[in-house]
Amino acid sequence: MNEEDISLRHLRVLTLLLEVGSPTRVAQILDTTQPTISKVLTKLRNHFGDPLFVRTGRSMRPTPKAIELAQPLRELLMTSAVMRSTTASFNPKLSTREFSVIVTEVGMIHLVMPIISHLEKEGPGLRLKAVPLDSRQIDARLEAAEADLALGVFPDVASATRRQLLYSDSYVSVVRSGHPRLKELTKVDSFMRERHVVVTSSNRGHAAHRFLDQRLSSRLEPDRIHVRVPNFLTSAFVASRTDAIGTMPAKLAEYLAEDFRLTLFPTPLPLPRIELSQFWHERVHNDEAHRWFRRAIYTLFGTRKPRRR
């Protein structure tokens, strides 16, 4: 075999490099090493007779040849995925398929259990893998087949990524039951005078975190932020043990209220709605098992309130 021959695996690496622009990040997405990706890139350069990427400062920029290859590569990989997918109908009762979803800590708490229950009912061999959110781009992780679906609020996902709105949620605020100033907290002035638990966010994090962090941080005086925490679950716990106010998605707050002995009240600040969707890559759009799983997710959560098991 000619050493210059390349495979679909090499072309997938090239597609990811075009999307994320970093061999290190591609290695993280594909769970391999950076030298392995560099070796693949060398083979691709030899094959196409072009450097494909040149380093400018700390980043790598695609050459005109690499940009020219981007669309044909996507079409080729999509065709390959369709050819590999089975046309036979999917039978959940006979399948041993493991479905995987990228979810936030909110999803881990109140989305995963209904999915598990549904899979147990539909097929004894069906399994679920819940994949945590991290700093990597959602569309790149779906492209790399790291998960079947991503569930959450990701407005920055590439337009080529398929999506379906599941439900809309709002934010509410929570305090411990018996809070001494509960009756005053729905007034803006009283709300602003209290101390708050603020969930931190990142530019690539879940948008429900980011929107809330930006709004509260811009309105509250610095000394009114009691503590910053990494997620809404910790926020609920801190609020349940102090007089500080936590603010979080309403469905999560309703789910946690009884166990954490929390009292919910409308947040007296204008906050955006939370539009939670399911996201998937085009390459699996026509796969029968994947279509079945997407329908199941929509049946469970589409325009409906997830129920506690």
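In what follows, every heavy atom counts, from backbone to side chain, and hydrogens, waters and symmetry copies are set aside.
- With contacts defined as side-chain heavy-atom distances shorter than 4.5 Å, the pair M60/V54 does not qualify.
- The side chain to side chain donor-acceptor pair (under 3.5 Å) test applied to E75 returns Q71, not counting sequence neighbours.
- Here the shortest heavy-atom pairing between A244 and V175 reads O-CG1, 4.1 Å.
- Partners of R181 according to the salt bridge (charged side-chain N to carboxylate O under 4.0 Å, His left out) rule, which considers only residues two or more places apart in sequence or in another chain, are E194.
- In terms of heavy-atom proximity, S240 sits nearest to F260 at CB-O, 3.3 Å.
- Considering only residues two or more places apart in sequence or on other chains, H281 meets the ring pair (Phe, Tyr, Trp, His ring centres under 6.0 Å) condition with none of them.
- Within the 4.5 Å cutoff, side-chain heavy atoms of R210 are placed close to those of Q214.
- Under 4.0 Å is where a charged nitrogen must lie from a carboxylate oxygen, and between E122 and K93 no such pair does.
- Legend: residues meeting side chain to side chain donor-acceptor pair (under 3.5 Å) with H290, ordered by chain and number and at least two apart, are R294.
- The side-chain heavy atoms of R141 and V131, taken from C-beta on, include a pair separated by under 4.5 Å.
- Proximity of S170 to I274: side-chain heavy atoms (C-beta onward) are nowhere separated by under 4.5 Å.
- Q34 meets the side chain to side chain donor-acceptor pair (under 3.5 Å) test with S38; sequence neighbours excluded.
- Side-chain contact check for I115 versus L300: some heavy-atom pair is nearer than 4.5 Å.
- To the nearest 0.5 Å, atom CZ of residue F279 and atom CG of residue D148 are 15.5 Å apart.
- No more than 12 heavy atoms of other residues, nucleotides or ligands lie within 6.0 Å of CZ in R61, so this atom counts as exposed by the packing criterion.
- Checked against salt bridge (charged side-chain N to carboxylate O under 4.0 Å, His left out), R219 has no partners two or more places apart in sequence or in another chain.
- Here the side chains of L126 and W292 are in contact, with some heavy-atom distance below 4.5 Å.
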Take R273 and D169, measure what salt bridge (Lys or Arg N to Asp or Glu O under 4.0 Å) needs, and give me the verdict at the end. CA-CA 6 Å; R273 297 286 297 177; D169 198 5; 5.7 Å; no
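- Contact detail for T200 and P230: the closest heavy-atom pair is OG1-CA, 3.8 Å.
- Contact of the I37 side chain with the L41 side chain is not registered, since no non-hydrogen atoms from C-beta on lie closer than 4.5 Å.
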Applying side-chain contact (heavy atoms from CB on, under 4.5 Å) to M248 and V199, what does each step give before you reach the verdict? CA-CA 9 Å; M248 62 191 62; V199 176; over 6 Å; no
Could you go through the side-chain hydrogen bond (donor to acceptor under 3.5 Å, both in side chains) check for R12 and T15 one step at a time? CA-CA 5 Å; R12 290 192 187 94; T15 299; over 6 Å; no
Please lay out, stage by stage, how D287 and R97 fare under the test salt bridge (Lys or Arg N to Asp or Glu O under 4.0 Å). CA-CA 13 Å; D287 179 77; R97 171 104 174 225; 3.4 Å; yes
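- Qualifying salt bridge (charged side-chain N to carboxylate O under 4.0 Å, His left out) partners for E98, counting only residues two or more places apart in sequence or in other chains: R127.
- Between the side chain of T267 and the main chain of L269, no donor-acceptor pair closer than 3.5 Å is present.
- When all heavy atoms are compared, the tightest approach of V172 to A253 is CG2-CB, 3.5 Å.
- Taking the charged nitrogens against the carboxylate oxygens, K187 and E184 do have a contact shorter than 4.0 Å, which makes a salt bridge.
- Annotation: salt bridge (charged side-chain N to carboxylate O under 4.0 Å, His left out) contacts of D50 (sequence neighbours excluded): none.
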What do the steps show when you test V40 against I6 for side-chain contact (heavy atoms from CB on, under 4.5 Å), and what is the final call? CA-CA 9 Å; V40 171; I6 60 173; over 6 Å; no
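- A donor-acceptor pair is defined here as one N or O able to donate and one able to accept, closer than 3.5 Å; such a pair exists between the side chain of H196 and the backbone of F191.
- L216 CG to L271 CG: the interatomic distance, rounded to the nearest 0.5 Å, is 6.5 Å.
- At distances below 3.5 Å, not a single donor-acceptor pair connects side-chain atoms of T32 with backbone N or O atoms of A27.
- For E105 (side chain) and F232 (main-chain N/O), a donor-acceptor pair under 3.5 Å exists by modelled atom type.
- Annotation: the span from T299 atom OG1 to I297 atom CD1 amounts to 9.0 Å, rounded to 0.5 Å.
- In this structure F237 satisfies the ring pair (Phe, Tyr, Trp, His ring centres under 6.0 Å) test with no other residue, sequence neighbours excluded.
- Note on M113 and L128: same hydrophobic cluster, where clusters join Ile, Leu, Val, Met, Phe, Trp and Tyr whose side-chain heavy atoms are under 4.5 Å apart, directly or indirectly.
- E19 meets the side chain to side chain donor-acceptor pair (under 3.5 Å) test with no other residue; sequence neighbours excluded.
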Is there a side-chain contact (heavy atoms from CB on, under 4.5 Å) between L18 and F53 once you walk through the steps? CA-CA 9 Å; L18 285 164; F53 296 89; 3.9 Å; yes
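- Of all the heavy atoms in L111 and F301, the pair that sits closest is O-CZ, 3.4 Å.
- Pairs of residues two or more places apart, or lying in two chains, that qualify as side chain to side chain donor-acceptor pair (under 3.5 Å) and include a residue from residues 222-231 are R195-H226, D213-R228, S217-R228, N231-T234.
- Side-chain atoms of H10 come within 3.5 Å of backbone atoms of S7 as a donor-acceptor pair (strictly under, hydrogens ignored).
- If you take NZ on K251 and CG on L256, they are separated by 14.0 Å, rounding to the nearest 0.5 Å.
- Remark: aromatic rings of F293 and F99 are close, center separation under 6.0 Å.
- In this structure, D139 does not pair ionically with R163, as no charged nitrogen and carboxylate oxygen lie closer than 4.0 Å.
- Of the possible donor and acceptor atoms, none in the side chain of S173 sits under 3.5 Å from a partner among the backbone N and O of P266.
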Step-by-step side-chain hydrogen bond (donor to acceptor under 3.5 Å, both in side chains) determination, E275 to S168: CA-CA 5 Å; E275 305 290 338; S168 178; 3.2 Å; yes
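- Contact annotation: the side chain of T247 never approaches that of V174 to less than 4.5 Å [non-hydrogen atoms, C-beta and beyond].
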Quick one: do T242 and V227 satisfy side-chain contact (heavy atoms from CB on, under 4.5 Å)? Show the steps, please. CA-CA 11 Å; T242 68; V227 61; over 6 Å; no
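- When every heavy atom of L16 is checked against every heavy atom of A140, the shortest pair comes out as CD2-O, 3.9 Å.
- To the nearest 0.5 angstrom, L142 atom CG is 5.0 Å from I102 atom CD1.
- With sequence neighbours left out, F265 forms a ring pair (Phe, Tyr, Trp, His ring centres under 6.0 Å) with no residue at all.
- Rounding to the nearest 0.5 angstrom, the gap separating the OH atom in Y171 from the CG atom in L252 is 11.5 Å.
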